[in-house]
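The next block holds one structure in the form of structure tokens; read it before the comments.
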Amino acid sequence: MKKILKSIQCFLAVLFLCAVMVIPAMAQEVTTTETSTTDKDLRPVKNTFEGMWIIDNQSVMVPIKGTFEFAIQHRFGTVKNGYEDFWGLYAPSNIRLGFSYAPVERLMVGFGFTKENVTWDLNAKVAILRQARKGGSPVSLTYFGNIAVDTRKKENFVNSSDRFSFFNQLILACKVTEDLSIQVAPSLSHFNAVPSFLNEDDDVIAKLKNDHFAVSVAGRYKVSSAMAIIANYDQPITKHYTDNPNPNVSFGIEIGTSSHTFQIFLGNYKSIIPQRNNLFNSNDYEKGEFLIGFNITRLWN
């Protein structure tokens, strides 16, 4: 129980620090707007990314106050078996249903339910900086974090705290042109329990470290008013004792409207919860271990 409380306190502390950073930034934005000259436009740029997700990662976007989001994320099996399971479409799949709401400006909170390990997650997203149209911040900076709970039967765990994992990420993005947007996102994943084994002396030896650093690079290029090419790369940084995770390469297309976003893509990640993807990805893109996935999001505001 102490482990759970300590981990939750760390997550809330990071969220609080982000809020502390946001309030002065908002005040500065208002003050600067009042004193700005006519050659400046400090309003945030529109549609750096079309939706909340860019394949396997959160995008920098935090919608306006009062926005409700519903997301369906689906991952099929790998294509390696070919026609046998119709390139993974009939293989065991993973799916997540997510719900989010923006109660105040620059903040979105939500929860989701994922098939893998019967996992529930609570998440929050805070816009710390917003790229201005002209004369202000040249980039956007957003914090995203979650708490995930594995709700399988208790015999799968030694302690109740073993169910919990955490994810923290800073997303730095820039809308380079009207058609091209890019983002870089370093992250820290933490699991209260990791796979281990007993050696000859009956000592518990961990296979992985509890904390894992990674970085993601993603981009979108619009080819028409409603369609874009999207791509994402995730690189593990932490070196573990054994079973190091593989990088993720994913690419696809996105079709968007003012309230809907549909993405279909090929990638290596099958887990949808980001910390599981970062720490446990065993699919190797060099061996062609890709799978088909899609994201559907619907916004109301």
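Values below: every heavy atom of this structure, side chains too, minus hydrogens, waters and symmetry copies.
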Original post:
Please walk me through it: do Asn278 and Tyr269 pass side-chain contact (heavy atoms from CB on, under 4.5 Å)?
Top reply: CA-CA 9 Å; Asn278 277 282; Tyr269 277 168; 3.7 Å; yes

Original post:
For Leu279, what are the other residues in its hydrophobic cluster, where any two members join if their side-chain heavy atoms are less than 4.5 angstrom apart?
Top reply: Phe191, Val194, Leu208, Phe280

**OP:** Considering only Ile, Leu, Val, Met, Phe, Trp and Tyr, and joining two whenever side-chain heavy atoms are under 4.5 Å apart, list the other residues clustered with Phe157.
**Re:** none

**OP:** Not counting sequence neighbours, list each pair that qualifies as a ring pair (Phe, Tyr, Trp, His ring centres under 6.0 Å) and has a residue in residues 214-243.
**Re:** His212-His240

Subject >> Pair Gln169-Asn57, side-chain contact (heavy atoms from CB on, under 4.5 Å): steps then yes or no >> reply: CA-CA 10 Å; Gln169 186 174 54; Asn57 285 281; 3.6 Å; yes

Original post:
Does the Thr78 side chain pair with the main chain of Leu291, one donor and one acceptor, at a distance under 3.5 Å?
Top reply: no

**OP:** Evaluate the criterion side chain to side chain donor-acceptor pair (under 3.5 Å) for residue pair Asp150 and Thr119; output intermediate values, then yes/no.
**Re:** CA-CA 5 Å; Asp150 184 332; Thr119 302; 5.1 Å; no

Original post:
Does any donor atom in the side chain of Asn246 or Asn248 lie under 3.5 Å from an acceptor atom in the other side chain?
Top reply: no

**OP:** State, to 0.1 Å, how close Cys174 and Val139 come at their nearest heavy-atom pair, and which atoms those are.
**Re:** CB-CG1, 4.3 Å

**OP:** Consider only side-chain N and O atoms of Arg75 and Asn277, and report whether a donor and an acceptor are under 3.5 Å apart.
**Re:** no

Subject >> Asn210 and His190: side chain donor to acceptor below 3.5 Å >> reply: no

Subject >> Any donor-acceptor N/O pair, Asn192 side chain to Ser161 backbone, under 3.5 Å >> reply: yes

Original post:
According to a 4.5 Å side-chain heavy-atom criterion applied to Ile, Leu, Val, Met, Phe, Trp and Tyr, with indirect links allowed, do Val223 and Ile230 form part of one hydrophobic cluster?
Top reply: no

**OP:** With sequence neighbours left out, write down each residue that passes side chain to side chain contact (heavy atoms under 4.5 Å, CB included) with Tyr285, or none if nothing qualifies.
**Re:** Pro247, Val249, Asn268, Phe290

**OP:** Return yes if some donor-acceptor pair links the side-chain N/O of Gln263 with the main-chain N/O of Ile55 below 3.5 Å, else return no.
**Re:** yes

**OP:** Identify whether Ile253 and Val79 are in the same connected component of the hydrophobic contact network (ILVMFWY, side-chain heavy atoms under 4.5 Å).
**Re:** yes

Original post:
Arg298: what forms a side chain to side chain contact (heavy atoms under 4.5 Å, CB included) with it, not counting sequence neighbours?
Top reply: Ser259, His260, Trp300

Subject >> Nearest non-hydrogen partners of Leu107 and Pro103, listed with the distance >> reply: O-CD, 3.5 Å

Original post:
Should Thr261 and Asn295 be marked as a side chain to side chain donor-acceptor pair (under 3.5 Å) after you check the CA-CA gap, both sets of side-chain angles, and the distance that decides it?
Top reply: CA-CA 8 Å; Thr261 304; Asn295 297 330; over 6 Å; no

Subject >> Shared hydrophobic cluster for Leu89 and Leu266 (ILVMFWY, side-chain gaps under 4.5 Å) >> reply: yes

Subject >> Under 3.5 Å: donor-acceptor pair, side chain of Lys209, backbone of Lys239 >> reply: yes

Original post:
To the nearest 0.5 Å, how far apart are OG in Ser140 and CG in Leu129?
Top reply: 7.5 Å

Original post:
Using a side-chain heavy atom cutoff under 4.5 Å and only I, L, V, M, F, W and Y, what cluster partners does Trp53 have?
Top reply: Met52, Met61, Val62, Met108, Leu299

**OP:** Write out all pairs satisfying side-chain hydrogen bond (donor to acceptor under 3.5 Å, both in side chains) with one or both partners inside residues 82-92, taking only residues at least two apart or from two chains.
**Re:** Asn81-Asp85

Original post:
For the residue pair Ala132 and Val45, what are the closest heavy atoms and their distance?
Top reply: O-CG1, 3.5 Å

**OP:** Give the C-alpha distance, both sets of side-chain angles, the deciding distance and a yes or no for side chain to side chain donor-acceptor pair (under 3.5 Å) between Ser189 and Gln275.
**Re:** CA-CA 5 Å; Ser189 303; Gln275 54 266 49; 5.6 Å; no

Original post:
Can you check whether Lys270's main-chain N or O pairs, donor with acceptor, with Asn94's side chain at less than 3.5 Å?
Top reply: yes

Subject >> side chain to side chain contact (heavy atoms under 4.5 Å, CB included) involving Gln183 - partner list, sequence neighbours excluded >> reply: Phe49, Ile54, Ser59, Val60, Ile171, Ala173, Ala218

Original post:
Does a side-chain heavy-atom distance below 4.5 Å link Val126 with Thr142?
Top reply: no

Original post:
After noting the C-alpha distance and the side-chain angles of Leu170 and Leu172, does the key distance pass the side-chain contact (heavy atoms from CB on, under 4.5 Å) rule?
Top reply: CA-CA 7 Å; Leu170 284 174; Leu172 185 69; over 6 Å; no

Subject >> With sequence neighbours excluded, residues passing side-chain hydrogen bond (donor to acceptor under 3.5 Å, both in side chains) with Glu50 >> reply: Arg220

Original post:
For the rings on Phe99 and Phe70, is their centre-to-centre separation under 6.0 Å?
Top reply: yes

**OP:** Tell me yes or no: between the side chains of Gln131 and Lys175, is some donor less than 3.5 Å from an acceptor?
**Re:** no

Subject >> Phe213: ring-ring contact (aromatic ring centres under 6.0 Å, His included) partners, not counting sequence neighbours >> reply: none

**OP:** Tell me, with the steps shown, if Glu178 and Lys222 meet side-chain contact (heavy atoms from CB on, under 4.5 Å).
**Re:** CA-CA 8 Å; Glu178 282 301 311; Lys222 295 181 67 176; over 6 Å; no

**OP:** Examine distances only and state if a side-chain atom of Asn156 and a backbone atom of Lys153 form a donor-acceptor pair shorter than 3.5 Å.
**Re:** yes

Side-chain donor/acceptor pairs under 3.5 Å, residues 110-118, sequence neighbours excluded:
residue : atom : partner : partner atom : Å
Lys115  : NZ   : Ser93   : O            : 2.8
Glu116  : OE1  : Ser271  : OG           : 2.8
Glu116  : OE2  : Ser271  : OG           : 3.2

Original post:
In terms of hydrophobic clusters joined by side-chain contacts under 4.5 Å, are Ile182 and Ile229 together?
Top reply: yes

Subject >> Hydrophobic cluster identity match, Phe251 and Phe76, side-chain contacts under 4.5 Å >> reply: yes

Original post:
Are any side-chain N or O atoms of Arg163 and backbone N or O atoms of Arg152, one a donor and one an acceptor, separated by less than 3.5 Å?
Top reply: yes

Original post:
Would you say the side-chain atoms of Asn168 and Tyr143 include a donor-acceptor pair closer than 3.5 Å?
Top reply: yes

Original post:
Considering residues at least two apart in sequence or located in another chain, which fulfil the side chain to side chain contact (heavy atoms under 4.5 Å, CB included) criterion with Lys65?
Top reply: Glu105

Subject >> N/O donor-acceptor pair under 3.5 Å between Asp284 side chain and Glu286 backbone >> reply: yes

Original post:
With a 4.5 Å heavy-atom cut-off, do Ser100 and Asn123 have their side chains touching?
Top reply: yes

Original post:
Taking all atoms of both residues into account, what is the closest heavy-atom pair of Arg130 and Ala127, and its distance?
Top reply: CG-CB, 4.4 Å

